[in-house]
There are 2 protein chains.
Amino acid sequence: MTGDRVRDRADVVGDLHEEVGVSLARCDYRYTAGRRRIVDALADAGKPITLPDILAAAPELAPSSVYRNLDVLERSGVVQRIAAAGAHSFFEFAEPLISHHHHLICIDCGIIEDFRLDDDMERRVDSGLLEAAGKAGFTPLRHSVDLHGYCAACA
Amino acid sequence: MTGDRVRDRADVVGDLHEEVGVSLARCDYRYTAGRRRIVDALADAGKPITLPDILAAAPELAPSSVYRNLDVLERSGVVQRIAAAGAHSFFEFAEPLISHHHHLICIDCGIIEDFRLDDDMERRVDSGLLEAAGKAGFTPLRHSVDLHGYCAACA
DNA sequence: ACTATAATGAGAGCGAGTCTTATTTCCAAC
DNA sequence: GTTGGAAATAAGACTCGCTCTCATTATAGT
């Protein structure tokens, strides 16, 4: 029961680490303890977080190393950066490590949360975007749909 | 003929300036020559541009003044800032000065272009987003749909 | 174990953007 | 017109998120 749930979670996290390890190895990067700590912090958060968030979760890490490793993880397709104006960037797992989703961005406190569109809607959006891209001679790789407004806490 | 076309364009730009002036006045800001130059640069570009772009179009402007005025224009609802990771922010007219649209963002050269979805698609996307926002206790103000990939020049 | 290669950590360095302050411009009242 | 007060400007100092450098340390592969 409780034991099983813990076991399950450990397995899921174990799978995550394995997938990350494979992604890193594909680019000739090593999966070091520091990188594992970053991945743990991202997994624990369950939403996009900033460098200070990561340092708060793993104070033993050197800021410069975290920046470098986030860059390595981004290059390996493990994490994705979300740019914020005049503030810290946010980081979260990239697809396919995390299922396709979009962002709720609070224009007051800056927090970013994930949300999913149902498959039908997602397909329609995607085909609409593909069409628009084709007309513009654009080769699309991915799309992002962000909702800007006030989160439950700031409303 | 040619004269008429020029006249028409001048009228459109005149309307733009008038609208901007009203927006600024509503926030007790003045519509100065420097701010007008920025608005002209944005109008001439017809797509999101950066501070260096604005300075290239209007070298007589002081960078600090342009930054300050972009901030004023953003506060007045005239322009909108588009954050870019580790690079200059992009600026363009906000709605309703420019019709609702989305962005094609080249992940190679960084250029940003506008595109429109047809009204039907836009409505569907919007209702889908509203529903998702409601579930999360989020109060949405606006949405952004960006397509990331390679532009015609970089493909 | 040995060696080549990658990763780390501390701090210097970079650059986009903001703040400060003295000066100038604008508008309105007289 | 002149004058007085409020807003805008310009130049540069400054902040801060982030990257680079480099000496040191850890990690494979042989």
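What you see is a predicted model, and the numbers here were worked out from it, not measured in a lab. Lettering of chains follows the sequences in order, A, B, ..., and the numbering in each one begins at 1.
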Would you say [X] reaches [N]'s phosphate, i.e. side-chain N/O to OP1/OP2 under 4.0 Å?
| X | N | result |
| --- | --- | --- |
| A:Ser64 | D:dT19 | no |
| A:Ser65 | C:dA7 | no |
| A:Tyr67 | D:dC18 | yes |

Nearest nucleotide by nearest heavy atom, which residue falls closer to the 5' end of DNA chain C, B:Arg30 or B:Gly86?
-> B:Gly86
Results of side chain to side chain contact (heavy atoms under 4.5 Å, CB included) for A:Ala45 - residues two or more places apart only = A:Ile49
In terms of side-chain heavy atoms of A:Ala62, which of D:dC18, C:dA10, C:dG17 is nearest?
-> C:dA10
Are any non-hydrogen side-chain atoms of A:His102 and A:Leu117 less than 4.5 angstrom apart?
-> yes
Expressed in angstrom and rounded to an integer, what is the separation of [X] atom [atom1] from [N] atom [atom2]?
| X | N | atom1 | atom2 | result |
| --- | --- | --- | --- | --- |
| B:Phe90 | C:dA16 | CZ | P | 12 Å |
| B:Leu70 | C:dT18 | CG | P | 9 Å |
| B:Asp28 | D:dG5 | CG | P | 20 Å |
| A:Phe91 | D:dG17 | CZ | C1' | 10 Å |
| A:Asp71 | D:dC20 | CG | C1' | 12 Å |
| B:Leu61 | C:dT25 | CG | P | 15 Å |
| B:Arg37 | D:dT9 | CZ | P | 13 Å |
| A:Leu73 | C:dA7 | CG | P | 11 Å |

Between B:Glu74 and B:Arg81, is there a salt bridge with N-O shorter than 4.0 Å?
-> yes
B:Cys27 to B:Ser76 - nearest heavy-atom pair and separation | SG-CA, 3.9 Å
N/O donor-acceptor pair, side chain B:Arg68 with base C:dG17, under 3.5 angstrom | no
Which part of the nucleic acid, if any, lies within contact of [X], taking any heavy atom under 4.0 Å across all strands shown: a base, the sugar-phosphate backbone alone, or nothing?
| X | value |
| --- | --- |
| A:Arg35 | sugar-phosphate |
| B:Asn69 | sugar-phosphate |
| A:Thr32 | sugar-phosphate |

Parallel, tilted or perpendicular: rings of B:Tyr31 and B:His17 (30°, 60°) | tilted
